[in-house]
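Report on the following structure.
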Number of protein chains: 2
Amino acid sequence: MASTTEENYLKALFNLSNSQGEVNLSELAHSLQVSLPTANSMVKSLQKSGWVNYEKYKPLLLTPAGQKEAALIIRKHRLTEMFLVKKMGFGWEEVHEIAEQVEHIHAPKFFQRMDEMMGFPTIDPHGSPIPDKLGRIQEIHYTPLSSCKPGQLVQLTALTNSSTEFLEFLNSRKLALGTELRILSREAYDSSVVVSYEGHMNETLSEKVSERLLVRALE
Amino acid sequence: MASTTEENYLKALFNLSNSQGEVNLSELAHSLQVSLPTANSMVKSLQKSGWVNYEKYKPLLLTPAGQKEAALIIRKHRLTEMFLVKKMGFGWEEVHEIAEQVEHIHAPKFFQRMDEMMGFPTIDPHGSPIPDKLGRIQEIHYTPLSSCKPGQLVQLTALTNSSTEFLEFLNSRKLALGTELRILSREAYDSSVVVSYEGHMNETLSEKVSERLLVRALE
DNA sequence: CAAATTTGTTAGAATGATCTAACTTGTTAC
DNA sequence: GTAACAAGTTAGATCATTCTAACAAATTTG
Ligand SMILES: [Mn+2]
Ligand SMILES: [Mn+2]
Ligand SMILES: [Mn+2]
Ligand SMILES: [Mn+2]
């Protein structure tokens with residue numbers, strides 16, 4: 001059984017993997033805030049457990065077993081975040097840190113009950129999909145707000161970044177998942193986008209913000 | 001900050017301490033299922049952190065700081081158990097193992113919300129008191145059923161043992177906290193007690209059982 | 001009280017997770 | 001295509017947590 005440390009490595013590998021499923025050691029080390037040799041030695045040990053394919057100087061690859069293991073931890077993380085928001089009244093900006101700890105609890109019944117109480121949700125409070133019990137993830141392809149056309153009506157459905165600071169920024173502008181946005185214009189110079197939505201007639205969103213907002217076209 | 005391991009040692013020391021607050025190393029080692037040298041070395045390290053008073057060959061003593069630390073972990077444990085029963089529908093026999101893990105989560109807001117959602121309970125699902133936010137425990141003195149007199153009407157209010165097996169035994173007899181029991185007789189030979197309660201006219205409880213049931217006299 | 005038993009201690013080792021320093025391999029930029 | 005730089009590896013150490021084996025102190029028992 002994976003230790004808490006190993007589980008955090010698996011999760012990081014999963015989240016960092018590119019289209020070919022590859023991860024660089026430095027990205028892994030940076031993401032977990034450990035030194036390169038630390039990450040290197042842990043990767044070797046994950047290989048011994050059959051979760052990572054590792055060859056000297058080559059990019060890291062999760063094995064299918066490693067992918068499943070990671071997805072099941074991410075499942076616990078996202079179920080927890082949703083439970084904290086839907087059943088315990090937390091804000092979406094408060095739940096990640098707590099879920100980071102709760103995800104390591106070994107108690108299938110606990111997460112099963114959360115799931116049941118919420119009616120088996122498929123997305124977390126930030127719009128990310130919740131892997132199923134077998135570790136399968138439904139891939140969703142949303143459009144970044146930054147690549148939408150003026151005039152379009154869209155609905156905010158997910159985020160590419162869920163840092164507390166970003167979520168607090170969205171709170172301050174009353175932007176939440178489900179908010180319907182009309183794209184009024186786009187500034188060519190700095191790629192900022194002007195939108196209107198309930199209670200906000202002329203809100204300017206910087207490129208940094210609009211590329212982190214994933215939307216679904218409504219019209 | 002205490003590690004999970006240290007927290008479990010503090011909790012064990014707290015729970016094992018006798019009327020003078022003393023604990024023997026062997027009891028500690030046995031209770032945590034570690035060897036004597038392991039417990040010995042951990043106790044020395046807890047002393048360095050200021051949580052234990054330790055002198056060679058003397059019984060162990062928690063310092064006031066250690067007592068508070070322990071009580072606050074026990075608070076998280078018992079709040080969690082109550083939350084699992086009251087808000088998530090678990091049986092009292094299912095919650096200890098989960099709480100044993102959840103108690104180590106560092107997220108004051110999380111336990112604060114549990115507390116609020118339950119209306120600030122003062123006992124856990126097994127009748128044990130929940131320490132307050134300052135680590136103070138309200139001492140309650142209940143009577144074991146084994147020392148009650150025939151004829152008495154009493155109410156089951158707590159347990160001295162909360163093992164899954166014992167709780168499942170109580171479930172099988174439909175005995176729960178709050179159950180009112182009439183003591184019909186007591187067998188001098190083996191100290192067993194015969195009681196009646198809703199749906200059970202003549203239930204014989206062995207000494208082993210009746211000394212683990214804590215009651216409050218109703219008449 | 002002395003022997004037997006229980007309880008506690010020390011020494012020495014292993015494992016997991018981490019670090020810094022030094023080195024090697026791979027990649028990028030003239 | 002070499003020099004500079006980035007990325008990855010190895011060596012060697014530390015700290016936490018655990019163990020077994022050997023020994024010492026304290027307690028119980030006849
Ligand atoms: Mn999260
Ligand atoms: Mn985590
Ligand atoms: Mn418990
Ligand atoms: Mn615990």
Side-chain angles (χ1 to χ4, degrees), chain A residues 1-18 20-62 66 69-70 73 100-101 103-104 106, chain B residues 1-13 15-18 20-62 66 69-70 73 100-101 103-106:
Chain A
M1 199 167 57
S3 67
T4 293
T5 308
E6 288 174 316
E7 290 188 344
N8 283 332
Y9 276 83
L10 289 173
K11 212 159 54 95
L13 283 164
F14 192 98
N15 287 327
L16 293 171
S17 59
N18 63 19
Q20 281 110 79
E22 297 177 340
V23 181
N24 294 137
L25 189 67
S26 344
E27 289 173 56
L28 180 66
H30 179 254
S31 140
L32 291 165
Q33 313 223 67
V34 297
S35 67
L36 270 170
T38 298
N40 183 256
S41 96
M42 180 54 78
V43 158
K44 288 175 181 174
S45 130
L46 290 173
Q47 181 181 42
K48 272 205 196 116
S49 307
W51 285 316
V52 169
N53 283 329
Y54 165 74
E55 283 181 84
K56 270 194 189 183
Y57 301 107
K58 294 265 177 68
L60 310 168
L61 269 176
L62 280 175
E69 195 75 12
I73 302 158
E100 202 56 51
Q101 298 177 65
E103 69 190 357
H104 304 292
H106 295 289
Chain B
M1 201 167 55
S3 68
T4 294
T5 308
E6 288 175 315
E7 290 189 343
N8 283 332
Y9 275 83
L10 289 173
K11 211 160 55 100
L13 283 164
N15 287 327
L16 293 171
S17 60
N18 63 19
Q20 282 109 77
E22 298 178 338
V23 181
N24 294 138
L25 189 68
S26 343
E27 289 172 57
L28 180 65
H30 179 255
S31 140
L32 291 165
Q33 313 224 70
V34 296
S35 68
L36 272 169
T38 298
N40 184 256
S41 96
M42 181 54 79
V43 158
K44 288 176 181 173
S45 129
L46 290 173
Q47 181 182 41
K48 272 206 197 116
S49 308
W51 285 316
V52 168
N53 282 329
Y54 165 75
E55 283 181 85
K56 267 194 188 183
Y57 300 107
K58 294 264 176 69
L60 310 168
L61 271 175
L62 280 175
E69 195 75 13
I73 303 157
E100 201 56 51
Q101 298 177 66
E103 70 190 357
H104 303 293
I105 287 175
H106 295 289

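We name chains A, B, ... by the order of the sequence lines, and we start the count at 1 in each one. Both backbone and side-chain heavy atoms feed into the values below; hydrogens, waters and symmetry mates do not.
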Of K44(B) and Y9(A), whose closest DNA chain C nucleotide lies nearer the 5' terminus?
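Between the two, 5'-proximity favours K44(B).
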Rounded to the nearest 0.5 Å, what's the gap from [atom1] on [X] to [atom2] on [Y]? Could you check?
| X | Y | atom1 | atom2 | answer |
| --- | --- | --- | --- | --- |
| E7(B) | M1(B) | CD | CE | 8.0 Å |
| L46(B) | S41(B) | CG | OG | 9.5 Å |
| Q101(A) | H104(B) | CD | NE2 | 11.5 Å |
| Q47(A) | N53(A) | CD | CG | 7.0 Å |
| L13(A) | L28(A) | CG | CG | 4.5 Å |

How long is the line joining [atom1] of [X] and [atom2] of [N], in whole Å?
| X | N | atom1 | atom2 | value |
| --- | --- | --- | --- | --- |
| L32(A) | dA17(C) | CG | P | 12 Å |
| N24(B) | dA25(D) | CG | P | 19 Å |
| N40(B) | dT17(D) | CG | P | 15 Å |
| M1(A) | dT15(C) | CE | P | 19 Å |
| L36(A) | dT20(C) | CG | C1' | 12 Å |
| L28(A) | dT9(D) | CG | P | 11 Å |

Contact check, side chains of K11(A) and E103(A), non-hydrogen atoms, under 4.5 Å:
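When only atoms from C-beta onward are counted, E103(A) and K11(A) do touch, with a gap below 4.5 Å.
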Using a cut-off of 6.0 Å, state whether more than 12 heavy atoms not belonging to H106(B) lie near its atom NE2.
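Yes, because the 6.0 Å sphere around NE2 of H106(B) holds more than 12 heavy atoms from other groups.
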Taking only heavy atoms on the protein side, list every residue of residues 46-60 of chain A lying under 4.0 Å from any atom of DNA chain C, sorted numerically.
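Contacts with DNA chain C under 4.0 Å: Y57(A).
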Under 4.0 Å between a side-chain N or O of [X] and OP1 or OP2 of [N]?
| X | N | answer |
| --- | --- | --- |
| S26(A) | dG8(D) | yes |
| T38(B) | dC19(D) | yes |
| S35(B) | dT18(D) | no |

The contact string for nucleotides 11-16 of chain D, one letter per nucleotide 5' to 3', using protein heavy atoms under 4.0 Å with B, S and - for base, sugar-phosphate only and none, comes out as ------
V52(A) and side-chain contact (heavy atoms from CB on, under 4.5 Å): which single residue from L62(A), L61(A), V23(A) fits?
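Exactly one candidate clears the test, L62(A).
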Among dT18(D), dT17(D), dG8(C), find the nucleotide with the atom closest to the side chain of E6(B).
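For E6(B), the side-chain atoms sit closest to dT17(D).
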Residues that E27(A) engages under side chain to side chain donor-acceptor pair (under 3.5 Å), provided they are two or more places apart:
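In terms of side chain to side chain donor-acceptor pair (under 3.5 Å), with neighbours along the sequence ignored, E27(A) is linked to no residue.
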